[in-house]
Amino acid sequence: MYSEQKVYDVVLRQAALVKDHKMSEIVVGVKPDMVIPGATYSLKEAYDQCREVCAENSKTFYLGTLLMTPERQRAISAISVWCRRTDELVDGHNASHITPAALDRWELRLEDLFAGRPYDMLDAALSDTVSRFPVDIQLFKDMIEGMRMDLKKSRYENFDELYLYCYYVAGTVALMTVPVMGIAPESKATTESVYNAALALGIANQLTNILRDVGEDARRGRIYLPLDELAEAGLTDEDIFNGKVTDKWRNFMKIQIKRARMFFRQAEQGVTELSQASRWPIWASLLLYRQILDEIEANDYNNFTKKAYVSKAKKLLSLPMAYGKSLISPSTHAQPEPQSMTL
């Protein structure tokens with residue numbers, strides 16, 4: 001499929017960047033207390049601000065990152081904050097005022113921070129991060145492209161189109177973080193297989209978001225579901241907007257949930273290959289997001305008027321389970337090539 005090949009090319013480019021760097025060379029010499037020329041704040045203050053934003057908005061993931069080295073904690077928080085700010089351009093309080101020109105300006109600002117010319121404190125943290133870790137700017141540009149799609153596109157003809165959108169808005173995030181997370185030194189898996197697994201987790205998370213938010217998106221006039229598959233199930237746009245749970249809808253949802261779970265299974269193959277300190281937050285994210293699919297089923301596939309969520313108790317129970325999985329050692333043999341990512 002066209003979209004899958006286009007995304008795979010980005011994966012290969014990012015994997016090649018990582019192969020050209022040694023992690024020890026990247027993290028040595030970090031000086032977070034350095035004062036940035038022309039700024040009234042230090043690099044430490046910039047990173048601390050990013051950590052505060054992550055602690056407030058991504059509590060479970062933030063807790064998981066506490067096992068990482070300080071360098072990795074800072075870098076993950078800087079990347080996460082930039083992604084959050086980018087997403088809020090089209091989903092935040094001022095989303096109705098965002099234009100394609102505004103996204104163009106945001107992309108120019110991205111290029112500046114990659115060139116060592118940050119605009120503000122939060123940009124400064126990311127600017128430092130990308131100077132130390134081999135992260136491809138194309139991933140960040142692709143995420144901005146996903147925001148452009150949200151401005152101009154509210155329907156997806158088939159899964160090929162939807163897959164590309166999921167890569168733009170979520171697969172990119174997963175791929176950005178792998179160079180920071182690091183692959184375990186004892187892993188025998190290929191770099192490409194680990195990145196493909198990361199991509200699968202991003203796709204799985206976004207598909208889960210879509211299935212959870214069908215009703216909410218419909219009220220905004222958006223349908224993030226493959227129209228050809230809706231038609232095959234005997235469903236139309238009007239069925240989505242009317243929001244009635246029927247047997248046709250249940251059968252359609254079962255297929256969509258099956259696909260999302262397939263991507264989660266593909267993701268599992270790569271989490272264990274990450275450095276040990278980085279596995280816990282990723283396992284926690286995977287287990288928690290996958291439970292949202294269980295909750296959709298528990299709601300009898302009513303994602304029109306009920307929003308599936310994982311209770312606080314279940315979240316707390318997931319953390320020790322994720323920690324246990326993070327202790328599993330990487331494979332001692334090469335990973336097989338990934339299969340096609342479509343159902």
State whether [X] and [Y] are salt-bridged, where the test is any N-O pair (Lys NZ or Arg NE/NH1/NH2 against Asp/Glu carboxylate O) under 4.0 Å.
| X | Y | value |
| --- | --- | --- |
| Asp123 | Arg85 | yes |
| Glu107 | Arg148 | yes |
| Arg261 | Asp294 | yes |
| Asp150 | Arg220 | no |
| Arg222 | Asp217 | no |
| Arg250 | Asp247 | yes |
| Arg155 | Asp237 | yes |
| Glu216 | Arg219 | no |

Please check if the number of heavy atoms outside [X] that lie under 6.0 Å from its [atom1] is greater than 12.
| X | atom1 | result |
| --- | --- | --- |
| Phe114 | CZ | yes |
| Tyr119 | OH | no |
| Lys244 | NZ | no |

Does the side chain of [X] come under 3.5 Å of the side chain of [Y] through a donor N or O and an acceptor N or O?
| X | Y | value |
| --- | --- | --- |
| Asp142 | Gln138 | yes |
| Gln256 | Arg259 | yes |
| Glu186 | Ser329 | no |
| Thr236 | Asp239 | yes |

Run Arg290 and Thr208 through side chain to side chain contact (heavy atoms under 4.5 Å, CB included) and show every step you take. CA-CA 8 Å; Arg290 190 160 57 188; Thr208 300; over 6 Å; no
Could you tell me how the ring of Tyr156 sits relative to the ring of Tyr165: parallel (under 30°), tilted (30 to 60°) or perpendicular (over 60°)?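 Tilted.
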What class does the angle between the rings of Trp249 and Phe304 fall in, given that below 30° is parallel, 30 to 60° is tilted and above 60° is perpendicular?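 Aromatic pair Trp249/Phe304 classed tilted.
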Using every non-hydrogen atom in the two residues, find where Val245 and Tyr301 come nearest and quote the distance to one decimal.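 For Val245 versus Tyr301, the nearest heavy atoms are CG2-O, 4.0 Å.
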Any [X] side-chain heavy atom under 4.5 Å of [Y] side chain:
| X | Y | value |
| --- | --- | --- |
| Ile98 | Leu151 | yes |
| Lys141 | Glu111 | yes |
| Leu235 | Glu229 | no |

Find out if a path of hydrophobic residues (ILVMFWY) with successive side-chain heavy-atom gaps under 4.5 Å connects Val194 to Leu199.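 In one cluster: yes.
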Under the rule for salt bridge (Lys or Arg N to Asp or Glu O under 4.0 Å), what residues qualify as partners of Arg51, not counting sequence neighbours?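 For Arg51, no residue satisfies salt bridge (Lys or Arg N to Asp or Glu O under 4.0 Å) once neighbours in sequence are set aside.
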